Q: 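A single structure is presented below for examination.
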Amino acid sequence: MVPRRYRKIREMSSSEQIVYGILVFVGMGLTIFFGVWWFQSVHIPRNFQYGAHLFDVLLFVLLSYVVWYQIIYEIFSWYIAGFMKHPEPAASPVPNLKVALLTAFVPGKEPYDMLEHSLEAMVAVDYQHDTWVLDEGDDMIVKNTCQKLGVRHYSRKNSTIYNAPEGAFKRKTKAGNYNSWFDRHSKGYDIVAQHDVDFVPRKDFLMKTLGYFQDPDIASVGTPQIYGNEDASWIARGAAEQQYGFYGPTQKGLYGGYDMPLFIGANHVIRRSAHDDIGGYAGHIVEDHLTGMKLYARRWKSIYVPEILLVGEGPATWDAYFSQQMRWAYGLIDILFFHSPRIFRAMKLHHVINYFLLQQYYFYGIVQAIGIFLITLYCVFGLQTTSMPLVPLLTHFVPLLAFQLVVFLWLQRFNIDSKHERGLLLRGRLLALAAWPVYFLAYLGVIVRRRLAYTVTPKGSEQIFRARPVLFVPHVVLGTITAADVVIASLAGRSAPLIIFLALLNTIIMYWFFFNALIRDRWSATTVQNLSRNSKIHDK
């Protein structure tokens with residue numbers, strides 16, 4: 001039988017393509033209009049004379065990086081969205097494929113009831129398969145649950161070989177756990193599907209994905225990472241909102257234009273021979289991103305199915321959210337600096353360009369930090385970063401920002417659940433303001449080569465719904481810097497309105513996160529004490 005190859009179906013209708021073309025044309029026009037005005041030599045400040053004027057040029061370059069970072073990323077997202085496609089529905093899977101469906105579990109970090117709920121759904125998935133738990137603790141409760149549900153159990157806990165300090169079997173890492181299972185048990189399987197323990201697969205999860213492997217060039221099939229606990233807290237809803245555009249237009253565009261949807265570790269289906277071809281999952285703190293790069297460097301392709309086939313759980317507390325964001329930020333920055341230069345040499349040029357831009361997403365932290373640095377230079381030392389007058393700046397920049405919002409709202413029709421995933425998404429935007437100090441610390445951690453240990457994002461009942469003000473110490477420091485800037489500028493008679501406004505805005509936002517956490521922490525502690533006191537009275 002000739003292997004079947006799947007064609008791509010355009011996401012946009014003909015009329016939508018026309019509308020989108022007009023939107024991008026207008027958006028690029030406004031961008032060029034702003035750029036031509038911005039990059040004028042008269043806008044370079046005059047703080048220094050003669051040879052020292054080079055420092056003025058440097059200050060203007062730094063300011064331009066702060067402003068244009070967001071603009072370039074917006075243009076990149078428009079470009080990628082223009083290629084949105086989805087694959088035609090998969091044919092029925094080839095009969096008698098040997099399939100394993102895996103999830104990993106860390107006792108003490110993830111709740112047992114979540115594991116049991118996920119395993120029940122995994123066992124019920126259509127198409128003959130073996131269900132496995134990769135148990136990092138060799139836990140008796142997990143073993144009993146597996147025996148009750150007819151699930152196969154695996155643990156590397158007592159194996160020295162599979163708990164190595166580095167390499168494919170690195171201890172206390174997700175990649176090391178999965179690679180050890182592959183080394184021991186995967187030879188009996190053609191296809192391996194896996195998902196995090198908080199994800200619950202639909203019965204047709206395998207039927208919707210296995211058929212694509214009739215194309216021998218397909219290494220993996222991915223699906224969206226959908227959070228089903230949005231009502232748990234505003235943090236959970238905000239974390240979900242931050243995913244909408246990525247799993248909608250971005251992943252669809254990366255698949256449709258370049259056969260390179262990003263490989264997501266939370267859930268995917270992979271051909272065993274492809275896994276073996278690249279030497280297994282990458283031993284890295286964000287193993288999925290690096291693994292995907294290795295697959296594409298070896299000329300494998302992937303399919304992205306933009307359909308909700310599994311529903312998982314997102315971070316619902318500050319602890320869980322910051323832990324997740326620190327790991328992602330540190331991981332991608334580390335890959336860009338220390339892994340990408342080597343892997344890029346083996347990748348296609350368009351893959352290199354896209355990965356290079358995608359891996360700078362978490363530079364948002366250093367961009368914001370540079371902004372505060374420039375504010376401080378003006379407020380403390382009187383050094384200007386540009387000589388732009390305020391009114392012309394606003395008349396050129398505000399229309400562009402407003403139109404970016406228009407395109408953002410229009411593209412929401414192509415999100416995975418477009419009826420639900422729409423609006424200004426203010427919770428996600430607020431979370432981004434809270435996260436950038438974390439991104440900045442991750443950047444510094446990579447620069448000084450401070451190793452970041454792999455940590456499991458707390459899930460379910462393991463998430464502590466108590467705000468911890470200590471998490472916001474970086475926010476207090478950054479807020480205090482700009483508060484001091486305002487005081488010093490006032491005493492020195494420096495009154496550039498936009499700079500003072502931005503300094504005050506940063507102070508208010510940073511302090512708000514801290515005091516909000518402090519109030520919630522005190523409220524939580526008081527509630528716990530009252531409950532404990534009432535319980536003792538009741539016992540008496």
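Please read these numbers as outputs of a predicted model, since none were measured by experiment. One-based numbering along the sequence shown.
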Q: Is NZ or CZ of Arg449 both nearer than 6.0 Å to the six-membered ring centre of Phe337 and within 45° of the ring axis?
A: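 Because its charged atom misses either the 6.0 Å distance or the 45° angle limit, Arg449 does not stack over Phe337.
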
Q: Look only at the side chain of Asp198 and the backbone of Glu313, and say whether a donor-acceptor pair between them is shorter than 3.5 Å.
A: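 Yes; at least one donor-acceptor contact below 3.5 Å.
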
Q: Got a donor-acceptor contact below 3.5 angstrom from the Glu421 side chain to the Ile416 backbone?
A: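 Pair found, side chain donor or acceptor close to backbone of Ile416.
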
Q: In sequence, state the C-alpha distance, the side-chain angles, and the governing distance for Glu110 and Lys174, and then conclude on salt bridge (Lys or Arg N to Asp or Glu O under 4.0 Å).
A: CA-CA 14 Å; Glu110 297 163 318; Lys174 181 179 178 180; over 6 Å; no

Q: Output, in order, the C-alpha distance, side-chain angles, deciding distance and verdict of ring-ring contact (aromatic ring centres under 6.0 Å, His included) for Phe263 and Trp300.
A: CA-CA 12 Å; Phe263 186 79; Trp300 287 97; over 10 Å; no

Q: Return yes when atom CZ of Phe356 has more than 12 non-hydrogen atoms of other residues, nucleotides or ligands closer than 6.0 Å, and no otherwise.
A: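 Result for CZ/Phe356: open.
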
Q: Could you tell me which non-hydrogen atom of Arg451 sits nearest to which non-hydrogen atom of Lys170, and how far apart they are?
A: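 Closest approach of Arg451 to Lys170, heavy atoms only: NH2-NZ, 2.8 Å.
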
Q: So, using ring-ring contact (aromatic ring centres under 6.0 Å, His included) as the criterion, who are the partners of Tyr244 when residues are at least two apart?
A: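 So Tyr244 forms no ring-ring contact (aromatic ring centres under 6.0 Å, His included) with any residue.
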
Q: Please check: side-chain N/O of Gln243 versus main-chain N/O of Ile226, any donor-acceptor pairing under 3.5 Å?
A: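 No, because the side chain of Gln243 does not come within donor-acceptor range (under 3.5 Å) of the backbone of Ile226.
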
Q: Heavy-atom distance under 4.5 Å between the side chains of Lys109 and Glu136, does that happen here?
A: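 When only atoms from C-beta onward are counted, Glu136 and Lys109 do not touch, as no gap falls below 4.5 Å.
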
Q: Has Ser490 got a side-chain atom pairing as donor or acceptor with Val487's backbone, closer than 3.5 angstrom?
A: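 No, Ser490 side chain to Val487 backbone: no donor-acceptor pair under 3.5 Å.
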
Q: Looking at side-chain heavy atoms only, is the closest gap between Ile343 and Leu290 below 4.5 Å?
A: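 Counting from C-beta outward, Ile343 and Leu290 do come under 4.5 Å.
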
Q: I'd like to check the salt bridge (Lys or Arg N to Asp or Glu O under 4.0 Å) partners of Lys85; sequence neighbours left out, ordered by chain and number.
A: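 Residues passing salt bridge (Lys or Arg N to Asp or Glu O under 4.0 Å) with Lys85: none at all.
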
Q: Take Glu287 and Thr173, measure what side-chain hydrogen bond (donor to acceptor under 3.5 Å, both in side chains) needs, and give me the verdict at the end.
A: CA-CA 9 Å; Glu287 79 296 328; Thr173 66; over 6 Å; no

Q: Apply salt bridge (Lys or Arg N to Asp or Glu O under 4.0 Å) to Glu241 and list each qualifying residue two or more places apart in sequence or on a separate chain.
A: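 Salt bridge (Lys or Arg N to Asp or Glu O under 4.0 Å) list for Glu241, sorted by chain: Arg237, Arg427.
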
Q: Judged by atom type as modelled, is there a donor-acceptor pair below 3.5 Å linking the side chain of Tyr304 to the main-chain atoms of Tyr247?
A: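 Yes; judged by distance alone, with no hydrogens or angles, the pair exists.
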
Q: Compare every heavy atom of Ala316 with every heavy atom of Ala232, then report the nearest pair and how far apart it is.
A: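 It is CB-CB, 4.0 Å.
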
Q: From Leu332 CG over to Gln360 CD, what is the distance, rounded to the nearest 0.5 angstrom?
A: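 If I round to the nearest 0.5 Å, the distance is 10.5 Å.
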
Q: Taking C-beta and beyond as the side chain, do Val446 and Phe338 meet within less than 4.5 Å on heavy atoms?
A: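 They are in contact (side-chain heavy atoms under 4.5 Å apart), so the answer is yes.
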
Q: Which one of Phe39, Phe33, Phe34 satisfies the ring pair (Phe, Tyr, Trp, His ring centres under 6.0 Å) criterion with His396?
A: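 One option only clears the test, and that one is Phe33.
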
Q: Give the intermediate values and the outcome of side-chain contact (heavy atoms from CB on, under 4.5 Å) for residues Trp38 and Trp68.
A: CA-CA 10 Å; Trp38 177 276; Trp68 283 85; 3.6 Å; yes

Q: Does some side-chain heavy atom of Gln412 sit less than 4.5 Å from a side-chain heavy atom of Leu425?
A: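 A side-chain contact exists here, since the closest heavy-atom pair is under 4.5 Å.
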
Q: Run the ring-centre check on Tyr281 versus His268 and record whether the distance is less than 6.0 Å.
A: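 Between His268 and Tyr281, which both carry aromatic rings, the centre distance is below 6.0 Å.
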
Q: Would you say His289 and His284 make side-chain contact, with heavy atoms under 4.5 Å?
A: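 Side chain of His289 against side chain of His284, heavy atoms only: no contact under 4.5 Å found.
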
Q: Can you check ring-ring contact (aromatic ring centres under 6.0 Å, His included) on Tyr20 and Trp410, steps first, answer last?
A: CA-CA 9 Å; Tyr20 188 61; Trp410 189 85; 5.6 Å; yes

Q: Can you list the steps and then say if Val286 with Asp334 is a side-chain contact (heavy atoms from CB on, under 4.5 Å)?
A: CA-CA 10 Å; Val286 283; Asp334 179 79; over 6 Å; no

Q: For this output row, return yes or no: ring centroids of Phe83 and Tyr258 closer than 6.0 angstrom.
A: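 Yes: the rings meet the under 6.0 Å criterion.
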
Q: Got a second to check how far Met388's CE is from Gln40's CD, nearest 0.5 Å?
A: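 Those atoms lie 8.5 Å apart.
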
Q: Ring-plane angle category for Tyr355 and Tyr296, please: parallel below 30°, perpendicular beyond 60°, tilted otherwise.
A: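 Rings of Tyr355 and Tyr296: tilted, 30 to 60°.
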
Q: Working to the nearest 0.5 angstrom, can you tell me the gap between Arg468 CZ and Leu471 CG?
A: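 Between atom CZ of Arg468 and atom CG of Leu471 there are 4.5 Å.
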
Q: Which heavy atom in Ala81 sits nearest to a heavy atom in Met12, and how many Å separate them?
A: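 For Ala81 and Met12, the tightest heavy-atom pair comes out as O-CE, 3.9 Å.
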
Q: Are Leu358 and Phe76 packed together at the side-chain level, in the sense that at least one heavy-atom pair is separated by less than 4.5 angstrom?
A: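 Touching, per the 4.5 Å side-chain cut-off.
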
Q: Once rounded to the nearest 0.5 Å, what's the spacing between atom CE of Met326 and atom CG of Leu452?
A: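 Nearest 0.5 Å value for the CE-CG distance: 6.5 Å.
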
Q: Any donor-acceptor pair under 3.5 Å linking the side chain of Thr395 with the backbone of Pro392?
A: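 Yes: the side chain of Thr395 pairs with the backbone of Pro392.
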
Q: Got a second to check how far Ile235's CD1 is from Asn229's CG, nearest 0.5 Å?
A: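 Those atoms lie 11.5 Å apart.
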
Q: Looking only at atom types and distance, does a side-chain atom of Arg327 sit under 3.5 Å from a main-chain N or O of Gln324, one as donor and one as acceptor?
A: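 Not at all, since once roles are kept as given, no pair shorter than 3.5 Å links the two residues.
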
Q: To the nearest 0.5 Å, what is the distance between CG on Leu357 and CG on Leu336?
A: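 So the CG of Leu357 and the CG of Leu336 are separated by 10.0 Å.
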
Q: Could you tell me which non-hydrogen atom of Arg494 sits nearest to which non-hydrogen atom of Ile500, and how far apart they are?
A: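 Heavy atoms only, the tightest pair is O-CD1, 4.1 Å.
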
Q: Just distance, no hydrogens or angles: give the donor-acceptor pairs under 3.5 Å from side chains in residues 371-381, sequence neighbours left out.
A:
unit_1 : atom_1 : unit_2 : atom_2 : d
Thr376 : OG1    : Ile372 : O      : 2.9
Thr376 : OG1    : Asp485 : OD1    : 3.4
Thr376 : OG1    : Asp485 : OD2    : 2.7
Tyr378 : OH     : Ser495 : N      : 3.2
Tyr378 : OH     : Ala496 : N      : 3.1

Q: With sequence neighbours left out, write down each residue that passes ring-ring contact (aromatic ring centres under 6.0 Å, His included) with Phe246, or none if nothing qualifies.
A: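 Phe246 satisfies ring-ring contact (aromatic ring centres under 6.0 Å, His included) with no other residue.
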
Q: Treating Arg46 as the side-chain partner and Ser387 as the backbone partner, does any N or O pair qualify as donor plus acceptor under 3.5 Å?
A: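 Answer holds: no.
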
Q: With ring centroids as reference points, do Tyr443 and Phe363 lie under 6.0 angstrom apart?
A: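 They qualify: ring centres under 6.0 Å apart.
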
Q: Taking all non-hydrogen atoms of both residues into account, name the closest pair between Leu390 and Pro497 and its distance.
A: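 Closest approach of Leu390 to Pro497: CD2-CG, 3.7 Å.
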
Q: For Gln384 and Asn47, indicate whether the former's side chain and the latter's backbone hold a donor-acceptor pair under 3.5 Å.
A: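 Judged by distance alone, no pair lies under 3.5 Å.
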
Q: For residues Phe60 and His43, establish whether the separation of their ring centroids is below 6.0 Å.
A: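 Judged by ring-centre distance (under 6.0 Å), Phe60 and His43 do not meet the cut-off.
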
Q: Please list, one pair per line, the donor and acceptor atoms closer than 3.5 Å that link side chains of residues 506-514 to other protein atoms, with sequence neighbours excluded.
A:
unit_1 : atom_1 : unit_2 : atom_2 : d
Asn506 : ND2    : Leu478 : O      : 3.4
Asn506 : ND2    : Thr482 : OG1    : 3.0
Thr507 : OG1    : Gly479 : O      : 3.1
Thr507 : OG1    : Thr482 : OG1    : 2.7
Thr507 : OG1    : Ala483 : N      : 3.1
Thr507 : OG1    : Ala503 : O      : 3.0
Tyr511 : OH     : Thr480 : OG1    : 2.8

Q: Is His475 reaching over with its side chain to a backbone N or O of Ala434, donor-acceptor style, under 3.5 angstrom?
A: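 Side chain of His475 to backbone of Ala434, a donor-acceptor pair under 3.5 Å: yes, one is there.
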
Q: Please report the closest heavy-atom contact between Ser340 and Gln359, naming both atoms and the distance.
A: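 Distance-wise, the nearest heavy atoms are OG-OE1, 2.8 Å.
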
Q: Hey, does Tyr227 have a side-chain heavy atom less than 4.5 Å from the side chain of Pro315?
A: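 Yes; the side chains approach each other to less than 4.5 Å.
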
Q: Is the shortest heavy-atom distance from the side chain of Gln225 to the side chain of Phe199 under 4.5 Å?
A: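 When only atoms from C-beta onward are counted, Phe199 and Gln225 do touch, with a gap below 4.5 Å.
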
